[in-house]
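Each remark here refers to the structure printed beneath this line.
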Protein chains: 2
Amino acid sequence: MQSSDAPTRADADRPDPSRIERLCIERGLKMTGQRRLIARVLSEAEDHPDVEELYRRAVTLDAKISVATVYRTVRLLEEKGIVERRDFGGGRARYDPTDRGHHHHLIDVDTGKVLEFEDPEHEKLAQAIAKRLGFILVGQRLELFGRRAPAAPAARPPRPGKSRG
Amino acid sequence: MQSSDAPTRADADRPDPSRIERLCIERGLKMTGQRRLIARVLSEAEDHPDVEELYRRAVTLDAKISVATVYRTVRLLEEKGIVERRDFGGGRARYDPTDRGHHHHLIDVDTGKVLEFEDPEHEKLAQAIAKRLGFILVGQRLELFGRRAPAAPAARPPRPGKSRG
DNA sequence: CTACGTGCAAAGTGTTTGCACTGGG
DNA sequence: CCCAGTGCAAACACTTTGCACGTAG
């Protein structure tokens, strides 16, 4: 549904730049159609897609984009600090826009779903531990693997592909 | 469980079974020469070797062992809970005997060295967080990345990610 | 004795890259 | 207009697997 006073504008086949696209422009990246598209997909994602998933979503909007471009773009964005590469096991890297803020993850081992959380207490603790060991904390990774409260001692959950780690 | 004050009577032709070998036997694994060897290498390791490294060490003791066997054995041991698979970035899985006790890692981003540590406070916190989110904690991963001195390094430290040319 | 383990090489996966063409600034 | 970006397929690195043979139990 659109208001009748918003007719087709020549320039408007490109809607407002996405969050991530804006960041790209800020950092001086050349914005091609493909990058804009990937930026949009990332901006709209509320999960932690891997390259294959990004590609799947992108392809529905531009059938001729290639997976190599997704890899290249995602890597570029990582270098620019626009996304972070994650590894939740399963052998595929997953991507997480940094502008969502600092957070950690809880992975439901039965469904594979990923929950985000923050915990200031943990942040303090992590810094304290590093300090105790004689280090300055420059980064960290905390992942909790959990199972929904009522214990279900059934079979092993479907573990993802080849390498989990 | 066996109460063995007395050392298991040694088969005269074999040196004493390694820590890990004992665990393998306990879990009913068929002990071949190769498995015994890998068990020994793992028992003697004080670091977190990857498959290539395990293979390198094993080959010096049995020149005809194959890397496929190392992969198969290490996977078996993981399934039996005798080792844990880790991923510190770099695209290769690294292995950590579980009988060293529960611990986490601090990676020196400048040297790549890995320090182990424990922190009961963190354990409590992690469980509390999981509980708060409605989950029972079944596993977790905490990795701290730190730097020894405030002074800066030169170029890019060994970063996580796959091999790149 | 036999089911399982092993070595070898080939196949699988996820990711990167060389090359010729395209398009953004 | 020119160089960076792209698509394609081949190259890569790590890991798994099919097959024929060997061996622990």
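So you know, we letter chains A, B, ... as the sequences are listed, proteins then strands, and number each from 1.
- Judged by closest nucleotide on DNA chain D, B:A68 is the one of B:L29 and B:A68 placed further toward the 5' end.
- At D:dT6, one or more side-chain N or O atoms of A:R35 fall inside 4.0 Å of OP1 or OP2 (strictly under the cut-off).
- Summarising the geometry, the separation between CE on A:M31 and C1' on D:dC3 is reported as 18 Å, rounded to the nearest angstrom.
- The side chain of B:T69 lies closest to C:dT6 when the candidates are D:dT6, C:dT6, C:dG25.
- The distance from atom CG of B:D62 to atom P of C:dG7 is 7 Å, rounded to the nearest whole Å.
- Of all nucleotides listed (C:dA3, D:dT6, C:dG7), C:dG7 comes nearest to the side chain of B:S66.
- Side-chain proximity of B:V51 to the nucleotides C:dG23, D:dT15, C:dG5 is greatest for D:dT15.
- In this entry the distance linking CG of A:L37 with P of C:dG24 reads 14 Å, nearest Å.
- Side-chain proximity of A:K30 to the nucleotides D:dT16, D:dC3, D:dG7 is greatest for D:dC3.
- Residue A:T32 places at least one side-chain N or O closer than 4.0 Å to OP1 or OP2 of D:dT6.
- The pair A:R19-A:E21 does not count as a salt bridge, with every side-chain nitrogen at least 4.0 angstrom from each carboxylate oxygen.
- Contact annotation: A:Q34 side-chain N/O to D:dG7 OP1/OP2 distance is under 4.0 Å.
- For the pair B:Y71 OH and C:dT13 C1', the computed distance is 13 Å after rounding to whole Å.
- In the set D:dG25, D:dC8, C:dG7, C:dG7 carries the atom at the smallest distance from any side-chain atom of B:I65.
- The base of C:dG7 is paired with the side chain of B:R72 by a donor and an acceptor separated by under 3.5 Å.
- The side chain of A:A93 lies closest to C:dT15 when the candidates are C:dT15, C:dG7, C:dG5.
- A donor-acceptor pair under 3.5 Å is absent between the side-chain atoms of A:S18 and the main chain of A:S43, judged by distance alone.
- Ring planes of B:H105 and B:H48: perpendicular class, angle over 60° (limits at 30 and 60°).
- As rounded to whole Å, 14 Å separates atom P of D:dC14 from atom CG of B:L54.
- When rounded to the nearest whole Å, the span between OH of B:Y55 and C1' of D:dT15 equals 15 Å.
- Here the side chain of A:R27 pairs a donor or acceptor atom with the backbone of A:K80 at under 3.5 angstrom.
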>> Between B:D119 and B:H103, is the side chain to side chain donor-acceptor pair (under 3.5 Å) condition met? List the steps.
In response: CA-CA 8 Å; B:D119 191 289; B:H103 59 258; over 6 Å; no
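- Atom CG of B:D50 is separated from atom P of D:dA13 by 15 Å (rounded to the nearest Å).
- One interatomic measurement links the two molecules: CD of B:E53 to C1' of D:dT15, which rounds to 18 Å at whole-angstrom precision.
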